[in-house]
Structure formats: structure tokens, C-alpha cells
Number of protein chains: 4
Amino acid sequence: MPRVSVEAERKEQILSAACEVIAEIGFKSLRIADVAKRARTSTGTVHYYFDTKRDLMHAAFEWNFSRSVDRRRELLDAAEPPSVRLRRFIDSYLPSDDETITAWNVWAELWIEALHDPDLQELNEQVYGEWRRMVAAIVRDGQDAGEFREGDAVVFANALIGMVDGLSLQVLMGSRAMTVERMRAVCDQVLTQFLS
Amino acid sequence: MPRVSVEAERKEQILSAACEVIAEIGFKSLRIADVAKRARTSTGTVHYYFDTKRDLMHAAFEWNFSRSVDRRRELLDAAEPPSVRLRRFIDSYLPSDDETITAWNVWAELWIEALHDPDLQELNEQVYGEWRRMVAAIVRDGQDAGEFREGDAVVFANALIGMVDGLSLQVLMGSRAMTVERMRAVCDQVLTQFLS
Amino acid sequence: MPRVSVEAERKEQILSAACEVIAEIGFKSLRIADVAKRARTSTGTVHYYFDTKRDLMHAAFEWNFSRSVDRRRELLDAAEPPSVRLRRFIDSYLPSDDETITAWNVWAELWIEALHDPDLQELNEQVYGEWRRMVAAIVRDGQDAGEFREGDAVVFANALIGMVDGLSLQVLMGSRAMTVERMRAVCDQVLTQFLS
Amino acid sequence: MPRVSVEAERKEQILSAACEVIAEIGFKSLRIADVAKRARTSTGTVHYYFDTKRDLMHAAFEWNFSRSVDRRRELLDAAEPPSVRLRRFIDSYLPSDDETITAWNVWAELWIEALHDPDLQELNEQVYGEWRRMVAAIVRDGQDAGEFREGDAVVFANALIGMVDGLSLQVLMGSRAMTVERMRAVCDQVLTQFLS
DNA sequence: TATGAATGAGTCTTCATTCAT
DNA sequence: CATGAATGAAGACTCATTCAT
């Protein structure tokens, strides 16, 4: 009886390492050897699981996204009022803890890669579709509950998501003018002022 | 009698070429030879003016920014009501024409580089400081004129800028769900709904 | 089960090739590609074993020296009278056979590199220290045996070594006035006249 | 009436600069631009006077030698006993003052170049011929005057010159075991012990 | 005469990828 | 399954040399 997926485990190990390395030194500087070392294995093994560097990177981007969604699923399904769920959801994306920061870094690297890579654009499209649907659903819930003001929920979701992306970038860049605290304040004010 | 600034002219030529190449194929893929060819010169000449690839890239990023500001200065100084100036200003950043799209692409590449480069972080800091001041100034003008609702102008500027950055990225990535038109609509609604 | 020191073998192969190339075309003209070709391998492989050209050169210089010493160890330990051992030792340094000529050429190149490289100066210092000790030891043996005239053995060793170095250079340069035969004659006369 | 040889002056200036640069950073590292800067002129001008880098280097080597001879001519012609003239001559070659050290450095670089350059070998041949004749002449004078012991003067000259070359190299390399003082002591002892 | 901007051939070095073990 | 030695294509950077002024 073979252990279920030694392969799957090893792949995860490599993908996790890849994301860490991307976040640390950037996609451009990443070498297969860096990932191998981080995953405590060899370049040969990395290539055993991923034919090319490109394959590895795409898999890493997808893995980064699916983990990000997994980590938030409970937040969305919670039995809280929409206003609270929205705040919690947005709050969970603030680049404050290491895990979230790493995920954001990887995500930012994906954006720039996607500018010249249709496959990654497609991944982005799906991911953002999902994100928009999630936010818009909460917004509609809130509007139905009379918590949020009226208006096109999708437009609102887009505005909110765009803002979070843009501000997160500034935080990631270590901006002194846009720290996590500032970002939290901006998000708070926007949610307070315009959603209630 | 040397012509005044053969040097300056040639540098511009190279920097312009560098930005075009960055926008087209990305920072990561850019080779000095590409820039040289685009500038109709040789790699030797590029290195004659810029010691290292890094120097060239930094100079290109700065050049990209200063051109971006130059192109908008008149918008800010126009004798229009603040609400119009703000709309025009935001509108000028929509990635619709080639020049603006190129500038955004370069800027996006800078972000990702800046994640691992303190010098570029500093450039980003200055640029965003300037941008925030410009937007916040219009917002305050509008508040003084009674056109905009009250509230912290800086927070508002940050929210607006963040949103524009985030949405632009999606547009640049060729998102079918976030085209320039959609982005324009989102910006319009946000400005209409919250500034009036 | 990795063969014992594929690495060591391969390194030797490369170092040997490097010394040959240095001797043939000179340190200044040496290209990694030359060494690779001589070692019947690729530039990539050379760099796999030696990070930089400098590392390779330093290693080659050390290898050249240690081989030189190995080749002479038996001479020094021979059970001959000191006068014979000294003559044989000096004689073994005459640039007459290909192996010795190659070693001298490499050594000469090291001298010039060492003029501007403290690490190589240190190597030279150790090597000459060893050489001086060896010669001085024979000289003292000879003095104890009454074969050599009295006097400071170290001073004498230095004079002898200096002379051999200087004359060898002339021979290496293909001087018509200082051939190996002439050099041998000069050494003979000095040894005869002053050691007996 | 044109000034006599602006050209000659400028050439000297460049050759002097070339020698200084060779001595400082070595033949291998020398760039035309370094020489130009040292001579307070431009690379274009250097090439105006010397077609190729090789031409410049050869000229510099010759210039270095002729200056070296000029500086010692009076020593040789002095009306002193041969033993004094020989000591003074040898002494003048000790790498103690900056000028002599520079000259030695250049000379050492020439040796290594000559290993792979017949033209420089020829220059070396002439120079050493001259040097040998000078030393041998003093030796013969000394023998005639009964100051020096009998023996082949040329062999003796060769031994002496070889020793000076070899020891100078060690001094130039900054050997802690062979400083100028040590070298002077060795030379003294050799001259004393064997010439008197 | 003198300059220095421009060139491009030449070389080190990097690194994804392969493959024998 | 896993390894890591070996490869070679690719690219940044250097610098002697040229030439218009």
C-alpha cells in the first residue's frame, strides 16, 4: 500500500519553497537552485516534478492563490452581519502578518509576469472574478439587510478591491507614508463612510 | 564647440527606448541589446552613458515619472472648478492611450523592482508623496468650495490613488472584467457618489 | 555511491590544463574557454569547480607549486653528501625539460600577478620560505660536514635562490646569451668556487 | 621657428605616464584610458602618438630602459676603484627609492610579456647584453687591479645580475623575508666574500 | 594636433536543463 | 524517486580603436 502521494507532499514542499523565495528575492532573481535549497532538495528533484521553470512558477502562483482562498473561506461563511464580514474580509488582506505579506508579494510578482503572459492573465481573471463575486455577494447581502447604501454592487466591489490592491503595494514597498496602520485607517474610513 | 548636450540628447534617446522596451517585454526580459537596438545605437554606447544595467533602469524609472508629471502639470493649474480638475486628473491616468499605457507598464515594473530595492522604494516614496499632495490639494479646494463632502483629504487622496493603481493593473493585464471603460465607470461612480 | 572524488580528479584535470595554458600563452591572454578546451570540458564545468577566473588562477598557482615540491622531495631526502644533494637540487630547477619549463613559466606569471595581489604575495612568501629552508638546511649539512665554507647559511641560500630565479627568467625568455647550458655552467662555477 | 618637438615632449609625457601606470596596476590591468588620464590627456591623443596599445607598451619598455641607463652612466664613468664602482652600481639597483622601484616593476612586467613576444625578447637581449658588458668590464678592471679574485668575468657578471634580478623580484613582491635591507646585506656579503 | 563620443568584438559569468547513476 | 555533475546558450560589461570635429 503506497503512501498516498509522496509526490503530492513533495510538490507542496517545493511550491511552498518557491513562494517563499519569490517573496524574498523576487521572481526575476529566483533561481531553481534557490528553490531547491529552500525545499531541502536538489535542482534535479525540482525538475523531476516541474519540467520547466515556467511550469514551476505557474504552479506556485496557483498554489499561492488557492491557499489564500482556503485561509479565508470560514470568514465568508461566518454567521455575522454583512458589515462585519466585509470588514473582516478586507482586514484579512491587510499585509500585516508574515503569511499574508508573503502571499501579497507573490501575487504582486504574478501581476507583472501576467503583463506579458496570457496564461497568467487567465489565472488573474479567474481569481479576480472569484474575488469580485465574493465581495459583491457580501455587499448585496448588506444592501438587502439595509446595512449598506444602494448602488451597483459590482462597481463597488471593484472599487474596493482596486483600492486594497493599490494600497497593499505601497505597504509592501515599505512606504513610510503608507504603513499597514495607515492602510487600515483608510480602509476603515472608506467602509464606515460609504457603506453605512 | 561641442553642441550643447549631445549627451543629454543621447541620454533621452536611450531612456525613452528603455521605457518602451520595459513596457513591451518587461523589466525581467529586457536586455541592453534590446534598448540599444530600439535607440538605434550600440550596446557599447548604452554603457557609455549608463555604467550598469541597474543605473540605466533607475534612470529610466525616474525619467518615466518626470515625464508623467510634466504631461499633467497644466491639468492641475487649469482654472476649472476642483471637481472638474479632479475628474480630468484621474481621467488622465486611465490607461487608454499608448503613451499612458507605456508609462503605467513601466511604473508597474518599478513597483516590483522596488520590493527588493531601497533606492527605488525611495523614488516611489517621493513620487507618491507628490501625487498625494496634488490630489489632496484639489480635494481641499473642492471642500473649501463646498463641492466635496467633508473628511480627511489625505485619507481620501490615498483611497483614490490606491484604487486607480489597483484598477489600472487589472486593465494593463488585459482583464475582460476590467477594461478601461469599466474602470472609467468605476472611477466616475466613486467620484460622483462620494465627492458631491 | 559516488566514486571517490570525481571532484578531485576533475579539479586536477582543470588545474593541469590551466597551468599548461598559462605557460603557453601567458596569464594575461588566458581565457576560461582555453582552459576548458585544454581540459576537454566546457566553460560551464570550469566554473562549476572554480567560481571565478581569479579562484582558478590562484588554485593553479598553488597546484603548480605543490607539484614542484613533490617532484623534488626524494632529491632532498637522498642519502648523498650535501654537496651532491645541493647540486642535484639546483640542477633540477634548470629549465631544461618541458615539465620544468612549464612550471617556471607559471611561476614567473605568478610573480607578476603577485606584484598587485596580496594573496599571491602570501603564497610566494610561504613557498620561498620553504625553499629557503630546504637550501639552507643542505648548506648547513655541508658546513657541518666540512664540505662548504663557513658563513651565514640563510644569506647563502638567498643568494643562490635569487640567482637561479634571475637566470631562469633569462633562459625562459629564450636569451641567446643565457641558454640552459650557460646557466648550468654559471651555477656549476658558483657552486664549485664558493662551496668547496 | 617651431618649438623643438612638441611631439617629443608629449610622447615623453605619455611614456612616463604609461610606466607609472604599469608599475602601479600592472600591464594586464592597464587601459589606454588610465594612461591618458595620468598624462592629463585623452585616449584619442594617446592613439595619435601610438597607433596601438602594443606600440605604446613597447615604447614604454624602451623608455624605461634608456632612462635607467642614463641615470647610472656617471656611476660607471666615475674615477673610483673598481670595487667601489661595482658596489655603487649594484647598490643603485636596489629597489629602495620610488624611481627605482617603478623602473623594476616595469622591467618585471616586460619579462613576462617577453615570454610570449619575440620583439621584447630582442629588447631584453640587448639590454642584458649591455648590462653584462658593463658589469664584466668593472670585474675585469678589478681583476687587473688585483681587487677581485680571478675567474671568468662574464660568468661572474651573469651570476651577479641573475641574483640581483631574482632578489629584486622578491623585494618588489613585498616579501617579509626579503626586504631591501636583507637584499642589501646579501649583496654586500656576496661582494665582500667573493670579490675581495 | 587634440578630443571624446561611438563602436562592437571579446570574455567572464550565470543558470535552466539534462542525464548517468 | 532522487541526485548533482556537466553543459552551453545567453547576456552584461570592457576597452582598444576609430573618426568627425
Side-chain angles (χ1 to χ4, degrees), chain A residues 2-3 6-7 9-10 14 29-37 39-57, chain B residues 1-3 6-7 9-11 14 29-36 39-57, chain C residues 1-3 5-7 9-11 14 29-36 39-56, chain D residues 2 6-7 10 14 29-37 39-57:
Chain A
R3 276 155 299 158
V6 184
E7 285 213 7
E9 250 179 55
R10 185 55 62 100
I14 292 170
S29 308
L30 174 149
R31 290 168 302 149
I32 295 288
D34 296 326
V35 177
K37 178 181 270 188
R40 297 181 171 281
T41 181
S42 63
T43 62
T45 300
V46 172
H47 268 96
Y48 179 80
Y49 286 100
F50 301 93
D51 278 357
T52 67
K53 185 180 182 180
R54 191 169 184 275
D55 287 352
L56 171 60
M57 293 297 96
Chain B
M1 191 178 62
R3 275 158 298 158
V6 185
E7 192 169 309
E9 253 178 56
R10 187 52 60 102
K11 270 193 163 181
I14 293 170
S29 310
L30 175 150
R31 289 167 303 143
I32 295 286
D34 297 326
V35 177
R40 298 181 171 281
T41 181
S42 63
T43 61
T45 299
V46 173
H47 270 100
Y48 183 79
Y49 286 99
F50 300 93
D51 278 354
T52 66
K53 185 179 179 180
R54 190 172 184 274
D55 286 352
L56 172 59
M57 292 298 95
Chain C
M1 191 179 59
R3 274 158 299 158
S5 65
V6 186
E7 191 169 311
E9 251 179 55
R10 187 53 61 101
K11 269 193 165 182
I14 293 169
S29 310
L30 174 149
R31 289 168 304 142
I32 295 286
D34 297 326
V35 177
R40 296 181 172 282
T41 181
S42 63
T43 60
T45 300
V46 173
H47 270 100
Y48 183 79
Y49 286 99
F50 301 93
D51 277 357
T52 66
K53 185 178 179 180
R54 190 170 184 274
D55 287 351
L56 172 60
Chain D
V6 185
E7 285 214 6
R10 184 55 63 100
I14 293 171
S29 309
L30 174 148
R31 290 169 302 150
I32 296 287
D34 296 326
V35 177
K37 179 181 269 188
R40 297 180 172 282
T41 180
S42 63
T43 61
T45 301
V46 173
H47 268 97
Y48 179 80
Y49 286 100
F50 301 93
D51 277 357
T52 67
K53 184 179 180 179
R54 191 170 183 275
D55 287 352
L56 171 60
M57 292 298 96

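To find a chain, count down the sequence lines: A is the first, B the second, and so on, and within it residues start at 1. We use all heavy atoms of the structure for the numbers below, so side chains are in, but hydrogens, waters and symmetry mates are not.
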Asker: How many Å lie between CZ on A/R40 and C1' on F/dG4, as a whole number?
Answerer: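 Between C1' of F/dG4 and CZ of A/R40: 18 Å.
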Asker: Which of residues 42-53 of chain A have a heavy atom under 4.0 Å from DNA chain F?
Answerer: A/S42, A/T43, A/G44, A/T45, A/Y48, A/Y49
Asker: Nearest whole Å is fine: how far is E/dA6 C1' from B/K11 NZ?
Answerer: 16 Å
Asker: Using whole Å, report how far CG of A/D55 lies from C1' of E/dA16.
Answerer: 12 Å
Asker: Would you kindly compare C/R54 and D/T41 by the position of their nearest DNA chain E nucleotide and give the one closer to the 5′ end?
Answerer: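 Upstream on the strand: D/T41.
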Asker: Please name the pair of heavy atoms, one in D/S42 and one in D/A36, separated by the smallest distance, quoted to 0.1 Å.
Answerer: C-CB, 3.4 Å
Asker: Rounding to an integer number of Å, can you tell me how far A/K37 NZ sits from F/dG4 P?
Answerer: 12 Å
Asker: What is the distance from atom OH of C/Y49 to atom CD of C/E7, rounded to the nearest 0.5 Å?
Answerer: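 So the OH of C/Y49 and the CD of C/E7 are separated by 5.5 Å.
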Asker: How many Å lie between CG on D/L30 and C1' on F/dT17, as a whole number?
Answerer: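 Rounded to whole Å, this separation is 15 Å.
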Asker: What are the two closest heavy atoms between A/V35 and A/I14, and how far apart are they?
Answerer: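 Nearest pair, atom of A/V35 first, then A/I14: CG1-O, 3.8 Å.
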Asker: Closest approach of C/R10 and C/T45, non-hydrogen atoms and distance?
Answerer: NH1-CG2, 4.1 Å
Asker: Output all residues satisfying salt bridge (Lys or Arg N to Asp or Glu O under 4.0 Å) with D/R31, sequence neighbours left out; order by chain, then residue number.
Answerer: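 With neighbours one apart ignored, the set is D/D34.
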Asker: Which helical stems does DNA chain F take part in, if a stem means at least 3 consecutive Watson-Crick or G-U pairs with both distances below 3.5 Å?
Answerer: E:2-21 with F:2-21
Asker: Can you measure B/R31 atom CZ to F/dC13 atom P for me and round it to whole angstrom units?
Answerer: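 So the CZ-P distance, B/R31 to F/dC13, works out to 14 Å.
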Asker: Is there side-chain contact between C/F50 and C/K11, with heavy atoms separated by less than 4.5 Å?
Answerer: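 The answer is yes, as the side chains (C-beta and beyond) meet within the 4.5 Å cut-off.
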Asker: Under 4.0 Å between any heavy atoms, over every strand shown, what does A/L56 touch: base, sugar-phosphate, or nothing? Just pick one.
Answerer: nothing
Asker: Determine the minimum heavy-atom distance between B/K53 and B/L30, stating which atoms define it.
Answerer: NZ-O, 2.8 Å
Asker: Which of these nucleotides, E/dT17, F/dA6, F/dT3, is closest to any side-chain atom of A/I32?
Answerer: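 The answer is E/dT17.
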